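Because the structure is predicted, anything quoted here is derived from the model rather than measured. Positions are given from 1, in the same order as the sequence printed here.
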Amino acid sequence: MPDPIPLRLAVDIGGTFTDTVLSGPDKRVLASSKTLTTHDAPAKGALAGARRAMDAANMPLSAVTGFIHGTTLATNALIEKRGARVATITTEGFRDVLEIAYERRHMQYDLDLEKTDFLVPRDRSFTVPERMGADGSILLPLDQAAVPRLLASLGACRAEAVAICLLHSYANPAHEQRLRDLLRAERPDLEISISSDVSPEAREFDRLCTTVANAYVQPLMAGYLGALETLFTEEDLSCPILMMTASGGMTTLKTAARFPIRLVESGPAGGAILAAHMAARCGLDEVLSFDMGGTTAKLCLIDRHTPQTSRTFEIARAARFVKGSGMPVRIPVIEMIEIGAGGGSIAAVDRLGRLTVGPQSAGSEPGPVAFGRGGTEPTVTDADVVLGYIRPESFAEGQFQLRPGDAAVAIAGKIGAPLDLTAERAADGISRIVDESMASAGRMHAVESGKDLDARTMIAFGGNGPLHACRVARSAGVSRITIPENPGVGSAVGFLFAPVSFEIVRSWYARLETLDVEKLNARLDAMEREATEIVRLGAPTEDLTVRRSAYMRYHGQGHEIEIELPTESLTEGDVPFLIRAFETAYSGQFSRPVPGMSIEILNWVVRVAAAPDPVSGTLPTPSGSPAQATDCATILCDVSGQPCRAAVIDRAMLEPGRTLAGPALITEPQTTTFVGADFTLQVDSARNLILTRKEA
């Protein structure tokens, strides 16, 4: 019997739209859909999108051999405070770890400072007598007689989940594991997260925050993932469902339910994976990924086909752009900057008479005014409709008819009247402000990373990314843009290129000059076996790759730099190599090494992943004749601000090699690419749109 045709389904649930992509052999997209997110029952929305895509391909869901899913549900639950009622248990004497935090204010001189909400008030913070040493030795045994008192306290505060974070449990998890088992024996209904599983790293505040966040979303995500699996099983889906993680890999439903905190930002991670794949295909070494959806915009720096990564991430910042104002979590993530700038971002005039846009969003319920679903506040999408950049007849696959008149009335009344502007001028102001906000975020992110945007190519996607790419690129100093195929569902397409993977981090303090290589190899081998066991659940037959690294610093410093290790066992002869590697990386970040300083290692990392598919060579851009417009539209010019005529072309009609000068609108079912007045377009051999800014 012949093997079934490999059909893979990718579903990405965003704040406004749910994107679905069906791919066939060679990851070629066979069908896609963009449906409004159903916030009250997101699993049903995912199923509706899947049915729409399968119907478009005329195939049953039972034919799918691979399913990848990403969702903003965990992120939104943390931001909107819709998680479980969590209690914490820490070592006696350390009840106030969350209250003390970093012992500093994120804005020192703000008299009206809004303090970060760490989800657990002091009256739900409990302790247990025990003590581990930093080397893992037991200084004080766990007092099991305190468990009945803890159970009574948990019952009295009506806790639904518990985060256990005992001192130095990353070195020896025995006390955490024993306490978990004792509590679970008496309260099997209680969701329990232990820090030695969730984030086994030094720094107890960050470790506790990560464990609290995991416990906070665990009941919600367990229920959602169970409902998702049940719904699709009832529709005859027979393959396992794999979940996208924040690090750009995939994991199983079982692992995702155990560590739901790793699903935070899983959708945007898919977009970064797509941009990295495009960079490899197009032979681009320095790329800026630009993903603008209905609720937020995400920008990520990609060098040598690899997205920038991080070990820390802040959730729900009290001051949106101020580091330290959010809840820190220590998980492997693709590092990107995210701002509240999407199609649904609400525009308003503040009490000082200034035009502001976002971060509040109309989402999908009720959505922008032009959607005709009850929205009354003008949004970025309403502005784009009024400016003529969005064609009502081709919007969102024609699922509903846009109402340009209603959008114009809302903008004229809420924005134009207070500022004494026409609806068109007010819409232009909305568009320019949101584009400058995104460009500023990109410039700030690049500066913080010690990098430059000028030489980079922007890869733009998302429902609104191609529409705003030229204006953002112009403000950010980027002169070249690539728009891939199916950009409106770009993050879901990126899921198809993500490997099944899992990363484990362990804290074990050591100095390079006294490194116990034999003991270290044993620990790294054990971590590799643990990660491999998890990856094999989702990739039972695929070849695996292993990456080992260490986080090093000079003795006495507070932050580390990641240095890659040999994949084979270390020997004493590797120590000089590690010293040189660290000093080279340190010089790249801080201009020069510090001679004579001892180098120490705090964290060790092992990442196991299914081997990636090989990427073909660079794509040529063939020469060809100018494209012929099928229609034209009157728009407000993005450069002069005056009304002008723009060519309108269906993207499906653009053959490789075709060229076009802006302004122009390239329409397709799920988005529109706006070619600015100072940009030219050419189609490469893979039908990607290459936009190049003209010389001034």
Side-chain angles (χ1 to χ4, degrees), residues 201-203 247-248 272 276 279-280 283-289 300-313 330 332-337 444-456 501 503-521 523-524 527-528 545-609 612:
E201 300 182 45
R203 298 187 176 100
S247 64
L284 303 172
D285 287 334
E286 294 183 322
V287 160
L288 173 67
S289 167
C300 176
L301 298 173
I302 298 172
D303 295 314
R304 294 179 295 280
H305 318 149
T306 302
Q308 192 164 289
T309 58
S310 176
R311 290 286 316 148
T312 59
F313 178 72
R330 294 188 70 85
V333 295
I334 290 179
E335 187 171 12
M336 59 185 73
I337 189 166
M444 179 178 69
H445 186 46
V447 168
E448 289 177 345
S449 304
K451 298 177 180 178
D452 190 18
L453 294 182
D454 292 353
R456 292 181 179 269
S501 66
E503 182 173 302
I504 293 177
V505 183
R506 294 282 188 272
S507 287
W508 176 46
Y509 179 82
R511 291 198 184 188
L512 277 181
E513 63 264 28
T514 59
L515 189 62
D516 188 335
V517 175
E518 185 175 342
K519 184 181 290 187
L520 172 61
N521 286 330
R523 294 190 180 206
L524 293 175
M527 292 166 64
E528 183 177 330
T545 62
V546 178
R547 184 180 185 272
R548 296 179 174 185
S549 59
Y551 281 80
M552 301 182 184
R553 65 189 183 190
Y554 285 122
H555 177 61
Q557 290 185 329
H559 299 279
E560 302 83 38
I561 296 176
E562 185 178 15
I563 302 299
E564 190 166 351
L565 302 176
T567 55
E568 304 297 328
S569 296
L570 287 168
T571 66
E572 297 289 348
D574 290 320
V575 173
F577 159 77
L578 296 178
I579 293 174
R580 289 194 300 272
F582 172 76
E583 291 182 339
T584 299
Y586 192 91
S587 298
Q589 192 162 343
F590 300 105
S591 299
R592 66 180 184 88
V594 182
M597 286 285 287
S598 176
I599 299 172
E600 57 190 17
I601 307 102
L602 186 65
N603 293 327
W604 306 86
V605 183
V606 174
R607 184 179 189 268
V608 177

Inset, instruction - Considering non-hydrogen atoms only, spot the tightest contact between L301 and K451 and give its length. - result: CD1-CD, 4.0 Å
Inset, instruction - Report the distance from atom CD of E335 to atom OG1 of T312, rounding to the nearest 0.5 Å. - result: 7.0 Å
Inset, instruction - Using the side chain to side chain donor-acceptor pair (under 3.5 Å) rule, pick out the option among E562, R203, E201, R506 that qualifies with N603. - result: E201
[X] side chain to [Y] main-chain N or O, any donor-acceptor pair under 3.5 Å?
| X | Y | answer |
| --- | --- | --- |
| S501 | A609 | no |
| N521 | V517 | yes |
| S591 | S587 | no |

Inset, instruction - Report yes or no: is the cationic atom of R523 (NZ for Lys, CZ for Arg) under 6.0 Å from the centre of the six-membered ring of W508, at an angle within 45° of the ring normal? - result: yes
Inset, instruction - Take H555 and R511 through the side chain to side chain donor-acceptor pair (under 3.5 Å) test and state the conclusion after the steps. - result: CA-CA 9 Å; H555 177 61; R511 291 198 184 188; 3.1 Å; yes
Inset, instruction - Tell me, yes or no, whether the heavy-atom count around R304 atom CZ, taken from other residues, nucleotides or ligands under 6.0 Å, exceeds 12. - result: no
Legend entry - R553/E600 salt bridge by N-O under 4.0 Å criterion: yes
Note, [X] side chain near [Y] side chain (heavy atom, < 4.5 Å):
| X | Y | result |
| --- | --- | --- |
| V333 | T309 | no |
| V605 | E503 | yes |
| W604 | L524 | yes |
| R311 | E560 | no |
| Y554 | P593 | yes |

